[in-house]
Amino acid sequence: MNASTSPTPPAHFIRTRIARELAQGLHERVITRFPPEPNGYLHIGHAKSIVLNFAMAAEFGGYTNLRFDDTNPEREEQRFIDSIKQDVAWLGYQWENECYASDYFETLYAYALHLIEHGLAYIDEQDAETIRQQRGTLTEPGRNSPFRERPIEENRDLFLRMRAGEFTDGAMVLRAKIDMAAANINLRDPVLYRIRREHHQRTGDDWCIYPSYDFAHGQSDAIEHITHSLCTLEFEDHRPLYDWLIEHLPVPSRPVQIEFSRLNMDFTVMSKRRLTRLVDEGFVAGWDDPRMPSIAGLRRRGFTPESIRNFCTEIGVTKSESIIPFGVLERNLRDDLNVRAPRRMAVLKPLKVVLTNFPEGQTEWVEVANHPQDSAMGTRRVPITREIFIEQDDFMEEAPKKFFRLKPGGEVRLRNAFIIRCDDLVRNGDGEIIELRCSFDESSRSGLPGAERKVKGTIHWVSAEHAVGAEVRLYDRLFNVPHPAGDKELDFVEHLNPESLEILSDARLEPGLEQARIGEFFQFERLGYFVPDPDATPQRPVFNRAVTLRDTWARLEAQMSAGS
RNA sequence: UGGGACGUCGCCAAGCUGGUUAAGGCACGGGGUUUUGAUCCCCGCAUUCGCAGGUUCGAGUCCUGCCGUCCCAGCCA
């Protein structure tokens with residue numbers, strides 16, 4: 001491990017428990033695993049699990065395996081394995097071993113035989129529907145299968161032949177012989193092996209029988225000497241089965257399962273099934289669409305591994321269900337980038353301004369700090385000319401009293417330059433303002449004594465002649481309700497926010513930004529944090545807004561309009 | 001109605017075997033600094049721990065009962 005997080009990680013029940021166990025000498029070190037099924041991309045919810053697993057192992061002197069739970073070839077694909085590895089590595093974690101449940105198929109098969117030989121498993125020839133009916137309900141016990149008392153030798157023979165491919169898919173299954181009357185339905189003779197003629201991405205056609213999750217997971221943990229098998233709450237009911245199998249099998253170690261609550265966030269969906277639908281049905285551009293809560297999407301959007309790790313640490317680990325506001329993740333990004341991102345100026349929606357007393361054809365270069373609080377980040381030179389662009393939002397013809405930006409007859413400071421006064425407006429045939437004519441105060445240049453003069457507002461700008469045209473993509477929440485998946489009546493896609501993506505095709509960037517590479521990030525002053533998008537070409541820069549700056553003014557504005 | 005789990009400030013979340021005034025973060029409110037209405041810095045922010053009883057000198061922490069929420073009846077994971 002390597003990824004550093006907060007200095008003092010908050011206490012949580014798993015950390016506390018492990019620390020106590022170590023103190024008691026129950027383990028020498030902690031070995032964990034992150035066990036994704038390769039049937040989709042990783043999302044922010046997985047990040048919580050990844051951070052937890054790697055943190056526990058790292059803090060207690062062990063390591064973490066990356067293990068693919070590939071027991072169902074029907075839905076698993078190599079491309080998902082590749083993306084998962086990329087995402088875990090990008091988050092900043094290095095796994096000790098790359099493992100696959102499928103690597104243990106032979107051992108698992110031997111374990112199954114062991115169960116059979118000890119009279120603890122049997123071959124059931126009933127179909128799925130019959131087994132389901134016999135299982136009983138939440139309130140009624142199940143009934144024994146007519147095959148439950150099949151002699152050991154016969155079970156053995158049938159299982160051997162199952163593997164040999166003598167039977168058709170679904171013809172029979174191997175079931176654990178536990179208790180059909182158990183209150184816990186997982187203990188009502190759960191299926192351990194099923195026949196499935198499906199090509200496996202790793203074992204090819206070697207097998208036509210595949211172990212179920214319950215049979216594969218705990219035993220894989222034991223084989224890898226995992227000390228703590230951390231999983232989410234929905235597996236709590238499986239723990240008795242997990243323990244039963246470990247207890248009755250000649251496994252090399254005895255792992256324990258500990259459950260914690262999964263991550264939920266508002267205004268998004270987190271289940272792999274729903275995310276897959278968004279991709280497959282074209283509601284988003286792909287798994288790496290910047291609006292997706294997938295790791296790939298967040299990465300493309302501009303989130304940093306640090307911000308995601310800090311977020312996962314900050315939200316804590318408990319057994320209580322919670323819904324974290326999406327804004328918490330965004331704030332973690334701001335906190336990270338505020339310190340590290342070089343500042344630049346960019347105008348998203350340009351409004352032309354002519355500085356009437358600025359010499360025509362002249363270019364002045366102003367020295368600008370790359371970071372207002374961190375002089376180590378150096379300075380750069382930015383050109384200013386007679387014609388510049390400012391943000392359309394930074395001018396109002398009829399402005400409210402608290403509007404500190406430019407208005408007719410008003411003054412404002414051009415960031416890093418000088419104070420200007422708006423003298424005139426130029427309109428087009430439709431009466432729209434298409435240009436401002438301003439004069440600047442020579443004595444108020446940055447660095448001169450007159451720069452001390454205070455004006456209410458400071459706005460950013462870019463030299464018209466030098467500006468780089470670019471496309472800028474702004475993102476808003478993917479859904480317009482807090483809990484899109486929680487609607488009983490409406491399909492969650494009905495809650496998709498039609499305005500989640502806004503493309504600005506006429507943005508003007510400070511020169512130099514066209515050189516930006518994937519992986520770099522910037523604060524466009526007063527606007528937010530932006531990163532180059534892979535869609536960019538040498539001729540056409542494309543930037544994504546990862547997150548806005550905190551905007552107290554927008555909040556006030558909203559309050560004012562709501563109050564009036 | 002069976003089993004498993006959870007319920008501490010608007011959102012997260014500490015709180016071990018019961019013992020002074022119920023951590024911390026975020027959000028929020030107020031003030032200060034500021035050529036980003038950003039950042040940063042101060043200050044404020046639960047007589048109360050789902051509810052009701054009980055045990056105790058003393059309970060968020062123990063007991064009883066109730067209420068609410070989530071998960072489980074795939075040959076998915």
Side-chain angles (χ1 to χ4, degrees), chain A residues 6 8 10-12 16 20 35-37 39 69 71-72 74-75 124 126-129 131-133 135-142 169-175 182-188 190-196 209-210 212-214 216-217 231-240 259 261 266 272-273 314-325 327-328 331-332 334-335 338-339 343 345 371-373 402-405 412-419 444 446 451-460 523-528 548-557:
Chain A
S6 318
T8 44
H12 61 241
T16 306
R20 175 166 32 83
E37 181 188 13
N39 67 344
D69 226 332
T71 57
N72 185 1
E74 212 170 83
R75 358 192 275 174
D124 195 335
Q126 303 180 106
D127 61 27
E129 176 60 17
I131 291 177
R132 189 180 67 75
Q133 281 167 4
R135 187 148 33 222
T137 68
L138 295 180
T139 51
E140 301 163 295
D169 286 18
M172 56 188 70
V173 290
L174 178 71
R175 291 228 259 169
N184 182 340
I185 294 180
N186 292 118
L187 263 18
R188 321 239 261 230
V191 170
L192 268 21
Y193 265 93
R194 69 269 202 182
I195 304 173
R196 188 160 303 187
I209 58 173
Y210 292 96
S212 63
Y213 164 84
D214 286 307
H217 201 99
C231 65
T232 44
L233 252 29
E234 66 270 25
F235 293 104
E236 224 159 5
D237 289 341
H238 293 245
R239 190 172 0 122
E259 313 83 14
S261 60
D266 62 8
K272 232 187 260 180
R273 196 199 108 238
E314 177 180 301
I315 57 175
V317 179
T318 68
K319 298 187 68 146
S320 51
E321 313 256 7
S322 60
I323 299 171
I324 312 289
V328 175
R331 182 183 43 72
N332 272 280
R334 284 194 198 102
D335 288 348
N338 173 47
V339 178
R343 309 287 110 143
M345 290 197 286
H371 190 114
Q373 278 86 226
K402 296 289 264 305
F403 185 79
F404 298 155
R405 284 110 83 161
V412 74
R413 173 175 292 281
L414 292 184
R415 170 121 248 241
N416 301 125
F418 38 64
I419 294 168
S444 65
S446 298
E452 298 301 308
R453 210 180 117 209
K454 301 292 181 195
V455 288
K456 279 290 193 172
T458 299
I459 66 174
H460 59 275
Q523 184 195 98
F524 289 177
E525 289 200 86
R526 303 208 310 129
L527 296 173
T548 62
L549 254 33
R550 187 156 166 269
D551 193 348
T552 312
W553 166 247
R555 226 174 46 222
L556 273 175
E557 215 177 16

For [X], report the nucleic acid contact type (base, sugar-phosphate, nothing); a contact means any heavy atom under 4.0 Å.
X: A:Ala451; answer: base
X: A:Tyr210; answer: nothing
X: A:Gln126; answer: base
X: A:Leu556; answer: nothing
X: A:His238; answer: base
X: A:Asp237; answer: base
X: A:Val317; answer: sugar-phosphate
X: A:Pro240; answer: nothing
X: A:Asn416; answer: base
X: A:Leu233; answer: nothing
X: A:Lys402; answer: base
X: A:Ser322; answer: sugar-phosphate
X: A:Arg413; answer: base
X: A:Asp551; answer: nothing

Minimum-distance nucleotide to [X] side chain [options: [options]]:
X: A:Ser446; options: B:G4, B:U35, B:U39; value: B:U35
X: A:Ala128; options: B:C75, B:A73, B:A38; value: B:C75
X: A:Val191; options: B:U36, B:C72, B:C75; value: B:C75
X: A:Glu314; options: B:A77, B:G37, B:G25; value: B:G25
X: A:Phe404; options: B:G37, B:A77, B:G3; value: B:G37
X: A:Thr71; options: B:U36, B:A5, B:A77; value: B:A77
X: A:Thr318; options: B:A77, B:A13, B:U36; value: B:A13
X: A:Arg132; options: B:G74, B:A73, B:C70; value: B:G74
X: A:Ser320; options: B:A13, B:G37, B:C75; value: B:A13
X: A:Gln373; options: B:A38, B:G15, B:A77; value: B:A38

Pairing nucleotide - [N], Watson-Crick or G-U, each distance under 3.5 Å:
N: B:C49; answer: none
N: B:U69; answer: B:A5
N: B:G18; answer: none
N: B:U36; answer: none
N: B:G74; answer: none

A:Met345 side chain reached by A:Arg526 side chain, heavy atoms, under 4.5 Å: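 A side-chain contact is absent here, since even the closest heavy-atom pair is not under 4.5 Å.
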Rounded to the nearest angstrom, tell me the gap between atom [atom1] in [X] and atom [atom2] in [N].
X: A:Asn184; N: B:A5; atom1: CG; atom2: C1'; result: 12 Å
X: A:His460; N: B:G37; atom1: NE2; atom2: C1'; result: 13 Å
X: A:Asp214; N: B:C75; atom1: CG; atom2: P; result: 10 Å

Partners passing side chain to side chain donor-acceptor pair (under 3.5 Å) against A:Asp214 (at least two apart in sequence or in another chain):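 In terms of side chain to side chain donor-acceptor pair (under 3.5 Å), with neighbours along the sequence ignored, A:Asp214 is linked to A:His238.
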Nucleotides 27-29 of chain B: which of its N/O atoms have a protein N/O under 3.5 Å away?
{"residue": "B:C28", "atom": "OP1", "partner": "A:Arg555", "partner atom": "NH1", "Å": "2.8"}
{"residue": "B:G29", "atom": "OP2", "partner": "A:Arg555", "partner atom": "NH2", "Å": "3.4"}

Stacking check A:Tyr213 vs B:A77 (5.5 Å / 30 deg):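 The ring of A:Tyr213 is not stacked on B:A77.
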Straight-line distance of A:Arg413 CZ to A:Ile459 CD1, nearest 0.5 Å: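 Those atoms lie 11.5 Å apart.
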Anti/syn call for B:G50, syn if |chi| within 90°: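 Anti, angle beyond 90° from zero.
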Donor-acceptor contact below 3.5 Å, side chain A:Ser446 vs main chain A:Asn416: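 The answer is yes, because a donor-acceptor pair under 3.5 Å joins these two groups.
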